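Working notes for the structure below.
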Amino acid sequence: MPELPEVEVTRRGIAPHLEGRQLRGAVVREGRLRWPVPADLDARVRGLTVSSVTRRGKYLVLDLARGGRPAAALLIHLGMSGSLRVVPRETPLHRHDHLDLLLADGGVLRLRDPRRFGAVLWTEEEPAAHPRLADLGPEPLGPELTGDYLYARSRGRTATVKAFLMDASVVVGVGNIYASEALFRAGIHPGRAAGRIGRERYRRLAEAVRAVLEAAIAAGGTTLRDFTDSAGAPGYFRQQLAVYGHEGAPCPGCGHPLRRSVIAQRSSFYCGRCQT
DNA sequence: ACTGGATCCTGACTGC
DNA sequence: TGCAGTCAGGATCCAG
């Protein structure tokens, strides 16, 4: 489900409920996520304080401290269908509510993930050094994502520019929806070989990625099916999607019917006339 | 080093 | 109404 905007919207929603709060424990109802959730998570988190809630790519990072000193961190990935909400303790359980973090003030951070492609990882090392984070590319909203960077990284690559853009070791956070949207804004055909696109077009693409992600965050993310923010509200960027899911509709730029085809093993939407 | 394909899982939807 | 088939916002692992 969630790409960078949805994870960032989630982060902003849960952070005020978590930062500076102590954890009373955890309840793991279904630990079989992408990787097993530690069975003794309850004992591990008890008494720790959440010092910060940050994001790296599509991972949320909960830094945990004991007595003001960093003690551990939880890495949370929402996979395809995950969502996090802060709810009162007595909130009835849904079938796929796999894990609760119990806050000392009585609230609960509740993870729901029907498909169980998400992850909850415990680490006592520096989070950035964790194997899941160590090899990630730059943040798309930071200064490192430039056209020159994309141009340099793409030299010699024969895979499609869409696959290149969705490669987290190149740049994090861009999934199937926003790849289609950014390529449309940049006027680049998703099936073009990444290594055969020039510097000037990569400059446009870097700006398009930044612009579409920022706009999506501002709209609260994209809800296709089951994404909700931490208060249970859907995101409204779906209404601003130019091409994703709009096969056959007129291109917003030229009116030509939008096309769908499978590129990089995923549905891709584009205008065959505007995007070259 | 890079590439495409298979894989994990459940639920919603389509067509017969 | 039921059942089979398809598809879905991710990303890892593997063979070539």
Side-chain angles (χ1 to χ4, degrees), chain A residues 1-11 29-37 55-60 75-84 94-99 111-121 130-137 140 152-183 190-196 209 212-213 216-217 219-229 234-241 243-247 260-269:
Chain A
M1 134 190 125
E3 305 183 35
L4 184 148
E6 292 74 37
V7 178
E8 178 61 19
V9 166
T10 298
R11 188 195 71 76
R29 294 181 203 84
E30 175 55 86
R32 294 174 302 167
L33 304 185
R34 169 144 216 166
W35 294 282
V37 179
R55 180 189 56 72
R56 178 73 178 99
K58 297 174 188 169
Y59 284 88
L60 289 168
L75 310 183
I76 302 178
H77 196 293
L78 299 176
M80 288 279 259
S81 61
S83 60
L84 283 168
H94 179 281
R95 170 170 160 73
H96 297 294
D97 288 343
H98 302 315
L99 182 144
L111 173 69
R112 177 175 302 179
D113 185 6
R115 293 179 73 181
R116 290 194 276 120
F117 288 171
V120 176
L121 303 169
H130 190 278
R132 299 273 70 80
L133 303 187
D135 298 329
L136 293 178
R153 285 295 304 267
S154 61
R155 290 312 87 189
R157 293 183 69 146
T158 59
T160 62
V161 63
K162 188 190 178 212
F164 174 71
L165 195 54
M166 291 173 64
D167 181 344
S169 70
V170 172
V171 59
V172 295
V174 183
N176 200 41
I177 294 179
Y178 299 112
S180 276
E181 293 295 310
L183 288 164
R192 179 171 287 274
R196 302 193 52 200
V209 167
V212 75
L213 295 180
I217 292 169
T222 298
T223 297
L224 290 186
R225 172 168 299 162
D226 48 11
F227 171 73
T228 68
D229 69 15
Y236 296 102
F237 194 70
R238 185 176 188 174
Q239 300 164 28
Q240 295 178 54
L241 294 175
V243 293
Y244 186 88
H246 293 171
E247 179 183 15
R260 183 186 89 93
S261 66
V262 175
I263 300 170
Q265 284 86 249
R266 316 284 292 280
S267 281
S268 309
F269 299 87

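To find a chain, count down the sequence lines: A is the first, B the second, and so on, and within it residues start at 1. Predicted model only: the values in this text are computed from it and were never measured.
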Length of the line joining [X]:[atom1] and [N]:[atom2], which is rounded to integer Å:
{"X": "A/Leu84", "N": "C/dG9", "atom1": "CG", "atom2": "P", "answer": "20 Å"}
{"X": "A/Ile263", "N": "B/dG4", "atom1": "CD1", "atom2": "P", "answer": "11 Å"}
{"X": "A/Leu241", "N": "C/dG9", "atom1": "CG", "atom2": "P", "answer": "12 Å"}
{"X": "A/Phe269", "N": "C/dC7", "atom1": "CZ", "atom2": "P", "answer": "11 Å"}
{"X": "A/Tyr244", "N": "C/dG10", "atom1": "OH", "atom2": "C1'", "answer": "12 Å"}
{"X": "A/Leu133", "N": "C/dA11", "atom1": "CG", "atom2": "C1'", "answer": "14 Å"}
{"X": "A/His77", "N": "C/dT12", "atom1": "NE2", "atom2": "P", "answer": "7 Å"}
{"X": "A/Arg153", "N": "B/dC2", "atom1": "CZ", "atom2": "C1'", "answer": "11 Å"}

Can a side chain N or O of [X] be found less than 4.0 Å away from OP1 or OP2 on [N]?
{"X": "A/Gln265", "N": "B/dG4", "value": "no"}
{"X": "A/Thr158", "N": "B/dC2", "value": "no"}
{"X": "A/Arg157", "N": "B/dT3", "value": "yes"}
{"X": "A/Tyr178", "N": "C/dG9", "value": "no"}
{"X": "A/Arg132", "N": "C/dT12", "value": "yes"}
{"X": "A/Ser267", "N": "C/dA8", "value": "yes"}

Dot-bracket line, read 5' to 3' along DNA chain B, where crossing pairs take [ ] and | marks a partner on another strand, Watson-Crick or G-U under 3.5 Å:
.|||||||.|||||||
For the residue pair A/Ser81 and A/Asp113, confirm or rule out a side-chain donor-acceptor distance under 3.5 Å.
yes
Polar contact flag, side-chain donor to acceptor under 3.5 angstrom, A/Arg112-A/Ser83
no
Look at the aromatic rings of A/His96 and A/His98 and report parallel, tilted or perpendicular, splitting at 30° and 60°.
perpendicular
Please work out whether the ring planes of A/Phe237 and A/Tyr178 are parallel, tilted or perpendicular, with thresholds of 30° and 60°.
tilted
Only one of A/Val243, A/Leu183, A/Val262, A/Ile263 passes side chain to side chain contact (heavy atoms under 4.5 Å, CB included) with A/Ser268, and that residue is A/Ile263
For C/dT6 versus B/dA6, give the span between their P atoms, rounded off to a whole number of Å.
14 Å
Sticking with atom P, work out how far B/dG5 lies from C/dC7, rounded to a whole angstrom.
15 Å
Between C/dT12, C/dG9, B/dG4, which nucleotide gets closest to the side-chain atoms of A/Glu3?
C/dG9
One character per nucleotide, please: for nucleotides 7-12 of chain B, 5' to 3', B when the base has a protein heavy atom closer than 4.0 Å, S when only the sugar-phosphate does, - otherwise.
-BBBBS
Less than 4.0 angstrom from a charged side-chain N to a carboxylate O is my criterion; do A/Arg157 and A/Asp167 meet it?
yes
Do A/Glu6 side-chain atoms and A/Gly221 backbone N/O form a donor-acceptor pair below 3.5 Å?
no
Answer yes or no: is there a side-chain heavy-atom contact under 4.5 Å between A/Asn176 and A/Tyr244?
yes
Do A/Leu84 and A/Leu60 have side chains that get closer than 4.5 Å, going by heavy atoms?
yes
Within the supplied structure, the quantity of interest is the number of heavy atoms (other residues, nucleotides, ligands) at a distance under 6.0 Å from A/Arg196 CZ; does it exceed 12?
no
Reckon A/Tyr59 touches a base, only the sugar-phosphate, or nothing at all at heavy-atom distances under 4.0 Å?
sugar-phosphate
